[in-house]
Amino acid sequence: MPFSVATWNINSVRLRLPLVLQFLQDHQPDILCLQETKCPDDLFPREAFHEAGYAHIEISGQKGYHGVATLSRRPLTEPARVGFCNIADCRHLSTVVEAGGKRIRIHNFYVPAGGDEPDPEINPKFAHKLGFIDEMKAMRAEFGEGSASLLVGDLNIAPLETDVWSHKQLLKVVSHTPVETEGLENLRRSGGWSDLMRHHIPPSEKIYTWWSYRAADWRAADRGRRLDHIWGSPDLEGDLRDITVLKEARGWERPSDHVPVIARFDLD
DNA sequence: ATGGTGGTCATACCA
């Protein structure tokens with residue numbers, strides 16, 4: 001079994017626990033990074049994940065909002081939580097796992113959505129989002145000497161024209177405005193990260209990982225966006241075997257509005 | 001230009 005890492009904004013881990021367990025059973029990723037767990041740490045369903053083979057769990061949760069969790073079949077070490085924008089919310093968690101003889105640090109992120117109005121002067125949520133991605137510049141892709149890194153999660157930005165159903169119609173919509181898309185691409189490049197989804201799937205191809213709940217028929221309208229990402233240190237490009245966007249998960253019973261993305265590597 | 005759905009927690013807030 002090649003080493004694999006999945007990311008999924010679950011929009012309440014307790015409500016959708018059966019879906020997560022089904023996903024783990026069907027796809028057996030070594031690592032699953034969850035976002036929007038909406039679950040305080042003392043209520044996190046650890047036991048159910050232990051029984052599913054995920055004995056190693058790190059969580060950073062709070063009541064009602066946000067929250068990230070990293071589940072693993074392999075030992076997780078050096079858990080670390082970084083705070084952003086001087087707000088005590090739960091949007092980042094990093095851990096270290098071993099694969100293919102490398103120590104891989106995995107950053108699990110939930111970037112603020114940013115509200116509706118793409119103007120930081122009048123919308124404090126958008127200002128928060130811009131401040132957050134500015135502070136994310138401190139997250140560098142570290143590699144070499146038997147180490148590597150991944151940065152995954154719901155970044156709430158669709159950077160490329162082919163990451164949205166209509167580039168023109170979304171230019172003034174939060175998640176695809178130039179200040180966000182350029183900001184994210186700049187921080188990715190300056191941090192030395194490779195966009196592994198786009199390394200595997202060419203930029204000419206549309207990719208979506210999220211479809212709004214508000215569409216009458218999400219599948220027919222197909223107005224999606226690629227908000228969820230898997231970045232890696234450049235050494236991992238050569239180890240990447242494939243990327244899967246599990247679109248079918250959007251059609252499951254009481255689904256999350258995001259679907260899982262899975263990266264498989266030629267590493268043991 | 002508007003409202004459309006869904007989760008949390010218990011009423012508005014957030015996505």
Side-chain angles (χ1 to χ4, degrees), chain A residues 7-23 33-45 48 59-69 84-92 108-120 122-133 136 152-159 163-166 168-177 179-181 184 208-229 247-261:
Chain A
T7 181
W8 193 8
N9 177 320
I10 196 59
N11 187 16
S12 175
V13 68
R14 284 175 289 173
L15 187 71
R16 278 182 251 288
L17 182 59
L19 295 190
V20 183
L21 294 172
Q22 187 65 55
F23 169 74
C33 294
L34 294 170
Q35 301 87 35
E36 278 207 273
T37 52
K38 297 185 174 177
C39 182
D41 289 352
D42 55 334
L43 296 176
F44 194 87
I59 54 183
S60 178
Q62 65 184 85
K63 186 179 177 181
Y65 303 104
H66 324 313
V68 291
F84 290 81
C85 304
N86 288 313
I87 298 173
D89 54 6
C90 298
R91 298 181 177 275
H92 170 265
N108 178 357
F109 266 102
Y110 175 51
V111 172
D116 289 330
E117 188 57 56
D119 180 351
I122 59 174
N123 175 9
K125 290 182 202 165
F126 196 68
H128 178 209
K129 185 178 198 175
L130 298 183
F132 195 100
I133 62 172
M136 275 178 78
V152 311
D154 177 5
L155 305 186
N156 265 317
I157 297 172
D163 291 336
V164 291
W165 63 275
S166 168
K168 270 185 81 170
Q169 285 174 262
L170 288 176
L171 273 170
K172 291 179 177 169
V173 173
V174 171
S175 74
H176 194 63
T177 64
V179 64
E180 294 169 87
T181 58
L184 190 72
Y208 311 142
T209 65
W210 171 90
W211 291 261
S212 172
Y213 282 127
R214 295 179 190 176
D217 184 339
W218 71 275
R219 201 190 301 269
D222 200 24
R223 296 185 166 191
R225 305 178 201 170
R226 181 171 73 116
L227 303 180
D228 303 275
H229 297 267
K247 182 177 179 182
E248 67 193 62
R250 186 61 179 79
W252 291 348
E253 187 90 24
R254 297 199 78 185
S256 169
D257 44 356
H258 296 251
V259 300
V261 183

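The chains referred to below are lettered A, B, ... by the order of the sequence lines, with proteins before strands, and numbering in each begins at 1.
Looking only at side-chain heavy atoms (C-beta outward), Asn156(A) and Glu180(A) stay at 4.5 Å or farther from each other.
Rounding to whole angstrom units, CG of residue Asp257(A) and P of dG6(B) are separated by 10 Å. Arg223(A) has its CZ atom 18 Å from the P atom of dG3(B), to the nearest Å. Here dT8(B) presents its P atom at 5 Å from CG of Leu15(A), a figure rounded to the nearest Å. For the pair Arg16(A) CZ and dG7(B) P, the interatomic distance rounds to 5 Å; values are reported in whole Å. The interatomic distance linking Asn9(A) (CG) with dC14(B) (P) rounds to 17 Å, in whole Å. The nearest whole Å value for the distance from the NZ atom in Lys63(A) to the C1' atom in dC14(B) is 15 Å. In this structure, CZ of Arg254(A) is placed 8 Å from P of dG6(B), rounded to the nearest angstrom. Counting to the nearest Å, the C1' atom of dA15(B) and the CG atom of Asp116(A) are 9 Å from each other.
With C1' as the reference atom, dA1(B) and dA12(B) are 24 Å apart, rounded to whole Å.
A side chain to side chain donor-acceptor pair (under 3.5 Å) with Asn11(A) holds for exactly one of Gln35(A), Lys38(A), His258(A); it is Lys38(A).
Of the nucleotides present, dG7(B) is the one that pairs with dC13(B) by Watson-Crick or G-U wobble criteria, both distances under 3.5 Å. Using Watson-Crick or G-U wobble geometry with both donor-acceptor distances under 3.5 Å, dT2(B) finds no partner in any strand shown.
Residue-to-nucleotide proximity on DNA chain B shows that, of Pro255(A) and Gly115(A), the 5′-proximal contact is made by Pro255(A).
In terms of modelled atom types and a separation under 3.5 Å, the side chain of Asn108(A) and the main chain of Cys33(A) share no donor-acceptor contact.
Using the six-membered ring where Trp is involved, Phe109(A) and His92(A) have ring planes that are tilted, between 30° and 60° apart.
Arg91(A) comes within 4.0 angstrom of sugar-phosphate atoms only, judged by non-hydrogen atoms across all strands, and of no base.
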